[in-house]
Amino acid sequence: MTATDERESGSAAKRIRSAKAGAQPNQSLIDGITVLQALAISTEPVGCREVARRVGLDTTRVNRLLKTLTYLGIARQTPNRKYRAGAGMTVLAAQSLFASGLLRRALPALEGLRRFGHTVAMGVLWRDNVSYLFHAPPTMPSTDALGRIGLYPATRGGIGMALLAALEDDEVIATYDGRDIPGYASPDALLAALHKVRADGHARLRVKDEREQHTVAITVGQTSYAAIGLSGWIPEETMPLLLDALRDAAEDIGRRNVEDVSAFEPLDPAFDYRVAV
């Protein structure tokens, strides 16, 4: 488990409990999803006590939740009594990606952006981290670019900053309440940077010490459900061209509705989930 993953999961349960005013969240469900996420981001089997430490929950409660997830097939127990993601988690991931159609709609536009010779990426915001659905350096095949990077601090990248800028200031403050903000000395410093992103209509971050190594990113959709970006040697004079290309790609992704359902209907009704279950 990486340091980034530790930061994400270490106080997840406590952060989630700071729900918005008026909400009535089900804490048992929240704790279950928190434990499930701890398994999802763990690259090695992990014991009950370690999961409890990472998510900040009582060991007995975590033990019950892990046994429930195992019963459902979402987790599985190894011979040495540790836990890891089960087949059910893979099925849920595959079903959700298929149902959303986001990658399916985005791939043509993302492929089009690769003509500039930069790293092309698309990500979504999960609390204070970005999950990259697509991340392709210039020479990497697109098939290798799908889901190859885990969680990454939102404030460290252009895609994360573009997505954070789409939130209200109070949501940003609540997200980082009582916690260090990677790259920023205080919430006010982060908010100032996000205000600039909003004013510019895009995020531009220096990502390496070398001259002009930047990431440029914009959000996708009216609700900013994702962001796309380019990363590499991006001097100021190339910004208009790249921003136009990113906007065209974002518009293309947003315009593509989920394809006609009939195109994805199973040929054999036995494979239709509405019949199979």
> Are any non-hydrogen side-chain atoms of Ile159 and Tyr152 less than 4.5 angstrom apart?
Replying inline: no
>> Return the CZ to CE distance between Arg84 and Met89, rounded to the nearest 0.5 Å.
In response: 11.0 Å
>> Quick one about Arg54 and Thr34 (side-chain donor to acceptor, distance below 3.5 Å, no hydrogens or angles considered), yes or no?
In response: no
> How many angstroms lie between atom CE of Met122 and atom CG of Leu107, to the nearest 0.5 angstrom?
Replying inline: 7.0 Å
> What is the minimum heavy-atom distance between Ala203 and Ala162, and which atoms define it?
Replying inline: CB-N, 4.0 Å
>> Are Leu167 and Leu164 packed together at the side-chain level, in the sense that at least one heavy-atom pair is separated by less than 4.5 angstrom?
In response: yes
>> Lys196: which residues meet the side-chain contact (heavy atoms from CB on, under 4.5 Å) condition with it, sequence neighbours left out?
In response: Asp200
> Would Asp169 and Arg198 satisfy salt bridge (Lys or Arg N to Asp or Glu O under 4.0 Å), going step by step from the backbone distance to the final call?
Replying inline: CA-CA 12 Å; Asp169 283 358; Arg198 294 170 191 149; 2.9 Å; yes
>> Apply the hydrophobic cluster definition, ILVMFWY joined by side-chain contacts under 4.5 Å directly or through others, and give me every member besides Val197.
In response: none
>> My understanding is that only residues two or more places apart in sequence, or in another chain, count here; which of them pass side-chain hydrogen bond (donor to acceptor under 3.5 Å, both in side chains) with Thr238?
In response: none
> side-chain contact (heavy atoms from CB on, under 4.5 Å) with Ala250: which residues, sequence neighbours excluded?
Replying inline: Ile218, Val220, Ile228
> Do Leu205 and Met161 pass the side-chain contact (heavy atoms from CB on, under 4.5 Å) test, and can you show the C-alpha distance, the side-chain angles, and the key distance before you say yes or no?
Replying inline: CA-CA 9 Å; Leu205 264 71; Met161 289 295 286; 3.9 Å; yes
> Considering residues at least two apart in sequence or located in another chain, which fulfil the side-chain contact (heavy atoms from CB on, under 4.5 Å) criterion with Gln222?
Replying inline: none
>> Can you list, by chain and residue number, the hydrophobic cluster partners of Leu29 when the side-chain cut-off is 4.5 Å?
In response: Ile33
> If you measure from CG on Leu125 to OG1 on Thr175, what distance do you get to the nearest 0.5 Å?
Replying inline: 7.5 Å
>> Counting only heavy atoms from other residues, nucleotides and ligands, does the tally under 6.0 Å from CG of Asn26 exceed 12?
In response: yes
> Would Arg61 and Val35 satisfy side-chain contact (heavy atoms from CB on, under 4.5 Å), going step by step from the backbone distance to the final call?
Replying inline: CA-CA 10 Å; Arg61 181 166 183 77; Val35 171; over 6 Å; no
>> Using side-chain contact (heavy atoms from CB on, under 4.5 Å), reason through Ile181 and Asp128 one step at a time and then give a plain yes or no.
In response: CA-CA 9 Å; Ile181 305 175; Asp128 58 340; over 6 Å; no
> What residues, two or more places apart in sequence or in another chain, satisfy ring-ring contact (aromatic ring centres under 6.0 Å, His included) together with Tyr184?
Replying inline: none
> Checking side-chain contact (heavy atoms from CB on, under 4.5 Å) for the pair Glu50/Glu44: CA distance, chi angles, key distance, verdict?
Replying inline: CA-CA 12 Å; Glu50 176 62 16; Glu44 300 291 338; over 6 Å; no
> Taking all non-hydrogen atoms of both residues, which atom of Ala249 and which atom of Ala109 are closest, and how far apart?
Replying inline: O-CB, 3.8 Å
>> side chain to side chain donor-acceptor pair (under 3.5 Å), that's the test. Do Thr215 and Arg156 meet it? Break it down for me.
In response: CA-CA 10 Å; Thr215 291; Arg156 289 291 192 185; over 6 Å; no
> Got a sec, which residues hit side-chain contact (heavy atoms from CB on, under 4.5 Å) with Pro141, two or more places apart in sequence or on another chain?
Replying inline: Thr143, Asp144
>> Give me the atom names and distance for the closest heavy-atom approach of Ala226 to Val124.
In response: CB-CG1, 4.0 Å
>> Return the CG to CG distance between Asn129 and Leu163, rounded to the nearest 0.5 Å.
In response: 12.0 Å
>> Testing the basics here: between Gly123 and Val130, what is the closest heavy-atom pair and its distance to 0.1 Å?
In response: CA-CG1, 4.1 Å
> What is the distance from atom CG of Leu246 to atom CD of Glu251, rounded to the nearest 0.5 Å?
Replying inline: 13.0 Å
> Can you list the residues that meet the side-chain hydrogen bond (donor to acceptor under 3.5 Å, both in side chains) rule with Asn80, with sequence neighbours excluded?
Replying inline: Thr78
>> Taking side-chain hydrogen bond (donor to acceptor under 3.5 Å, both in side chains) as the definition, give me every residue that meets it alongside Thr59, ordered by chain and number, with sequence neighbours left out.
In response: none
> Can you list the residues that meet the side-chain hydrogen bond (donor to acceptor under 3.5 Å, both in side chains) rule with Gln77, with sequence neighbours excluded?
Replying inline: Tyr83
>> How close do Ile234 and Met239 get, counting heavy atoms only, and between which atoms?
In response: CG2-SD, 3.8 Å
Donor-acceptor pairs under 3.5 Å, side chain of residues 112-120 to any protein atom, not counting sequence neighbours: which ones?
from: Arg114; atom 1: NH1; to: Met140; atom 2: O; distance (Å): 2.9
from: Arg114; atom 1: NH1; to: Ser142; atom 2: OG; distance (Å): 3.1
from: Arg114; atom 1: NH2; to: Pro137; atom 2: O; distance (Å): 2.8
from: Arg114; atom 1: NH2; to: Pro138; atom 2: O; distance (Å): 3.2
from: Arg114; atom 1: NH2; to: Met140; atom 2: O; distance (Å): 2.5
from: Arg115; atom 1: NH1; to: Gly112; atom 2: O; distance (Å): 2.6

> Is a side-chain donor or acceptor of Glu171 paired with a backbone partner of Glu168 at a separation under 3.5 angstrom?
Replying inline: yes
> What distance do Gln213 atom CD and Trp233 atom CH2 have between them, rounded to the nearest 0.5 Å?
Replying inline: 9.5 Å
> Where is the tightest heavy-atom contact between Val51 and Ala38, given as atom of each residue plus distance?
Replying inline: CG1-CB, 4.3 Å
>> Hydrophobic clusters here meaning ILVMFWY residues chained together by side-chain heavy-atom distances under 4.5 Å, can you tell me if Val91 and Ile74 are in one?
In response: no
